Every structure is written in structure tokens, then in C-alpha cells.
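Have a look at the structure below before the remarks.
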2 protein chains.
Amino acid sequence: MDATPRWLTPEQKAAWDSFIRMQEKLVGRLSRRVQADSGMSASDYIVLVKLTEAGGRMRFMDLVKLVEWEKSRMSHQVGRMAKRGLVAKEECPDDGRGAFIVATPAGHEAIEDAAPVHVDHVRRLFIDALTQEDLAALARISNRVLAHMENQPD
Amino acid sequence: MDATPRWLTPEQKAAWDSFIRMQEKLVGRLSRRVQADSGMSASDYIVLVKLTEAGGRMRFMDLVKLVEWEKSRMSHQVGRMAKRGLVAKEECPDDGRGAFIVATPAGHEAIEDAAPVHVDHVRRLFIDALTQEDLAALARISNRVLAHMENQPD
DNA sequence: CTAAGGTAGGTGATGCGTCAACCAAAGCTC
DNA sequence: GAGCTTTGGTTGACGCATCACCTACCTTAG
């Protein structure tokens with residue numbers, strides 16, 4: 001009875017705390033940098049990256065799946081981005097409900113300017129801290145956790 | 001010239017992508033769970049954890065430093081938490097500007113109910129996916145990145 | 001052909017995070 | 001003790017994330 005202990009072991013807790021702290025600081029710093037450097041939010045950035053990587057023009061739902069967001073979040077996001085001129089929405093002739101999301105010239109330019117700067121920060125703050133083996137280990141661990149989560153409810 | 005390459009190597013990019021993806025999914029799932037299970041936001045949760053661990057009563061700025069947030073964020077946060085009855089604010093007799101933040105009985109109860117459930121989810125989604133060695137490696141890597149970031153501007 | 005159910009996408013309310021500006025009390029300095 | 005800086009903490013505006021719900025269109029069984 002009571003198979004799972006109530007708390008984590010000290011080593012587990014220490015590992016968890018370090019991971020969470022690192023991840024929060026790193027992601028926070030990077031998203032503040034992209035905002036300061038490019039005037040785009042981190043969400044703008046990632047949507048533009050994925051969209052332009054895929055040719056600069058996609059169906060809304062395909063974009064949702066690619067970025068792995070909820071459609072509501074994406075809808076709000078592209079709404080804001082359209083207002084800022086980074087993307088445009090086009091009707092879909094084949095499907096009356098559908099929409100194409102298209103990167104505007106301004107969107108292309110924004111991401112082409114922002115991407116190398118962002119990569120530099122990723123390298124400076126993260127990659128440079130680690131050896132090749134560290135990086136490989138982290139990739140393996142991340143994929144292991146991802147795979148594990150997929151078999152878990154909720 | 002041009003000492004740093006414009007992009008990451010394929011292995012670097014793969015590691016970075018896996019890490020970011022894992023971290024987003026994991027943190028997202030955990031914070032949705034704590035919200036669903038306890039009615040508290042993830043921010044409520046962590047503030048209450050740190051506050052009660054420290055005795056349930058602290059100076060505002062000490063709490064800010066403990067949680068490593070900006071004071072503005074904490075100010076908004078404790079404002080909301082006070083409105084929900086999780087904490088209360090008291091004046092500080094020694095320092096006319098100062099405030100004590102105190103966990104209410106409802107706050108104590110909320111965190112005592114929520115904490116074991118949250119830990120179970122952490123274990124289920126994360127700890128159980130990894131070996132002891134994985135966990136140790138991740139802790140080491142996280143601390144290495146944290147230490148590295150401290151020496152970096154911005 | 002039509003009704004039922006699924007899919008594409010949007011909306012509005014609410015809470016959260018950040019930024020910049022602000023204010024008042026507390027030292028500090030001459 | 002008058003002016004300066006620092007510290008402790010708040011505020012308001014704005015963009016972002018989530019939730020629940022909604023509409024329009026498409027698909028398919030009968």
C-alpha cells in the first residue's frame with residue numbers, strides 16, 4: 001500500500017529544481033532578447049520561422065499542427081500578426097471555411113533579420129556552455145521524456 | 001573573420017529543438033494539471049510553496065528574491081492572491097515602506113492539498129521516464145548552463 | 001436529399017507577465 | 001536639516017494564453 005512515496009528523493013528534487021530553474025531563466029532571457037532585438041515577441045518569431053520554413057504559405061490548421069499549439073491560440077496570434085503586417089490571411093477557394101496564412105514581405109524580412117541574431121544568443125547562452133556529449137545526452141533525455149509523456153494520460 | 005557560423009550544426013539544432021519541445025510540453029502539462037487539480041495557477045503554487053517553506057511569513061522583497069521574479073510581477077501576483085484569500089499583506093512596523101506577506105489558513109490548506117498531487121505528476125511525467133544517471137546528468141547539465149549564463153551579459 | 005456529426009476557424013472574457021513610470025519612506029552627505 | 005540617492009513597493013497599459021463557446025462549412029449514412 002502507498003506504493004509511491006509522497007515526496008521526491010533529495011537527488012530527484014535537486015535535479016528537478018535545477019532543470020526548472022535553468023529552463024525558466026534560459027527561455028526568459030531568450031524571449032526578452034528576441035523582443036528587444038527585433039521588436040517581435042517569441043511567439044511571432046516561432047510562427048514566422050515555421051511558416052517561412054514551410055514556404056511562407058499554409059493552411060491555418062496545418063500551421064496549428066506544425067507549431068503544436070491550440071487553434072485558439074494560433075487564431076489570436078495570427079490576428080495580432082496580421083494587424084502588425086507580418087502575415088496576411090487569404091480565403092481558401094477549395095474549402096469555404098478554410099484560410100491560408102501567408103508571410104508578407106515584411107514578415108520575411110523580419111524573420112531573416114531576427115533569426116541569425118537569435119541563433120547567436122542560443123549559442124552564446126546555451127550551446128557554448130556544453131560539450132558535444134552534454135548536448136547529445138540532453139537530446140536523448142529530452143526525447144525520452146517526450147516519448148514517455150505520449151504514453152501518459154493527460 | 002566571421003568566427004561564429006550563422007546557424008547551428010544539425011546535431012546542435014536537433015538537441016536544441018528536442019530540449020525546447022520537451023520543456024514546453026512538460027511545463028505546459030504540469031501547469032494545466034495544477035490548475036485543474038487545485039484551482040490554483042502555477043504561479044500561485046510556486047509562491048505558496050516558497051512562502052510556506054520559509055515559515056509562511058516574509059518581507060515582500062525577500063519573497064521576490066527567493067522566487068527570483070521581478071518585483072512588479074510579484075506585486076501583481078500577491079495582489080491577486082490576496083483577492084483570492086491565499087495570502088494577506090501586513091504593514092511592517094520597522095520600515096514604513098515595507099510589507100509582510102503572510103500565508104492565510106486557506107493558503108496553507110491549499111498548498112498542503114496541492115503539493116502531493118503535483119509531485120505525483122512530476123514523478124509520473126518526468127522522473128519515471130529517466131534513470132538515476134539520466135537525472136544526474138540533467139542536473140549537471142542544468143547547473144552548467146545556469147553557471148554559464150551568469151557570466152554572460154544580458 | 002437531408003439530417004447528423006465532424007472539421008475549420010473565430011470570439012470574448014479573464015488571468016498572467018512585462019515594461020515603464022511612479023511614489024513614499026529611508027538612509028546619506030554636506 | 002536640506003537635498004540626494006537608494007530601496008520597497010505599486011500602478012496602468014498592453015500583449016499573450018487559456019477556456020468555453022460559437023458559426024459556417026463539409027461529409028456521409030440512410
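Throughout, protein chains are lettered first and strands after them, A, B, ... in sequence-line order, and every chain is numbered starting at 1. Quick caveat, the model's predicted, so the values are computed rather than measured.
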* **Within one Ile-Leu-Val-Met-Phe-Trp-Tyr cluster: A:Val122 and B:Ile141, side-chain cutoff 4.5 Å** =>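 Yes: a chain of side-chain contacts under 4.5 Å links A:Val122 to B:Ile141.
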* To do: Say whether B:Val34 and B:Val119 are linked into one hydrophobic cluster, either directly or through other cluster members, by side-chain heavy-atom distances under 4.5 angstrom.
  =>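 Hydrophobic grouping puts B:Val34 apart from B:Val119.
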Which part of the nucleic acid, if any, lies within reach of [X] when heavy atoms closer than 4.0 Å are counted: base, sugar-phosphate only, or nothing?
X	value
B:Ser43	sugar-phosphate
A:Lys83	nothing
B:Gln35	nothing

Which of these nucleotides, [options], is closest to any side-chain atom of [X]?
X	options	result
B:Arg80	C:dA8, C:dA13, C:dG17	C:dG17
B:Arg73	C:dG9, C:dT18, D:dG8	C:dT18
B:Arg97	D:dC25, C:dA25, D:dG9	C:dA25
A:Glu70	D:dC19, D:dC25, C:dG10	D:dC19
B:Lys71	D:dT18, C:dT18, D:dG8	D:dG8
B:Lys89	D:dC16, D:dG8, D:dT10	D:dT10
A:Asp95	D:dC26, C:dC16, D:dC19	D:dC26
A:Arg84	D:dG8, C:dT11, D:dC16	D:dC16

In whole angstrom, give the distance that lies between atom [atom1] of [X] and atom [atom2] of [N].
X	N	atom1	atom2	answer
A:Leu63	C:dG10	CG	C1'	15 Å
B:Glu68	C:dG17	CD	P	15 Å
B:Asp94	D:dG8	CG	P	13 Å
A:Phe100	C:dA8	CZ	P	13 Å
B:Met61	C:dA26	CE	P	16 Å
B:Glu91	D:dG9	CD	P	12 Å
A:Phe60	D:dC26	CZ	C1'	18 Å
A:Glu24	C:dG17	CD	P	10 Å

* Using a strict cut-off of less than 4.0 Å between a Lys/Arg side-chain nitrogen and an Asp/Glu carboxylate oxygen, indicate whether A:Asp17 and A:Lys13 qualify as a salt bridge. =>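 Result for this pair is yes, salt bridge flagged.
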* Asked: Salt bridge or not for B:Asp134 and A:Arg140, using N-O below 4.0 Å?
  ->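 Answer for the salt bridge query: yes.
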* **Short side-chain donor-acceptor distance under 3.5 Å, B:Asp37 and B:His121** =>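 The criterion, which ignores hydrogens and geometry beyond distance, is satisfied for B:Asp37 and B:His121.
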* To do: Say whether B:Gln35 and B:Arg32, considering side chains only, have a donor N or O and an acceptor N or O under 3.5 Å apart.
  =>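 Looking only at side-chain atoms, B:Arg32 and B:Gln35 do not form any donor-acceptor pair under 3.5 Å.
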* To do: Answer yes or no: side-chain N or O of B:His76 and base N or O of D:dT10 forming a donor-acceptor pair under 3.5 Å.
  =>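 No.
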* Asked: Is any N or O donor-acceptor pair between the side chain of B:Ser72 and the base of D:dT11 shorter than 3.5 Å?
  ->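 Present.
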* Taking the nucleotide of DNA chain C with the closest heavy atom to each, which residue, A:Arg32 or A:Met74, is nearer the 5' end? ->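 Of the two residues, A:Met74 wins.
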* With respect to the phosphate group of D:dC16, does any side-chain polar atom (N or O) of A:Ser41 fall under 4.0 Å of OP1 or OP2? ->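 Yes, A:Ser41 has a side-chain N/O under 4.0 Å of OP1/OP2 on D:dC16.
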* Ignoring backbone atoms, establish whether A:Arg59 has a side-chain N or O less than 4.0 Å from OP1 or OP2 of C:dG9. =>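 For C:dG9, OP1 or OP2 has a side-chain N or O of A:Arg59 closer than 4.0 Å.
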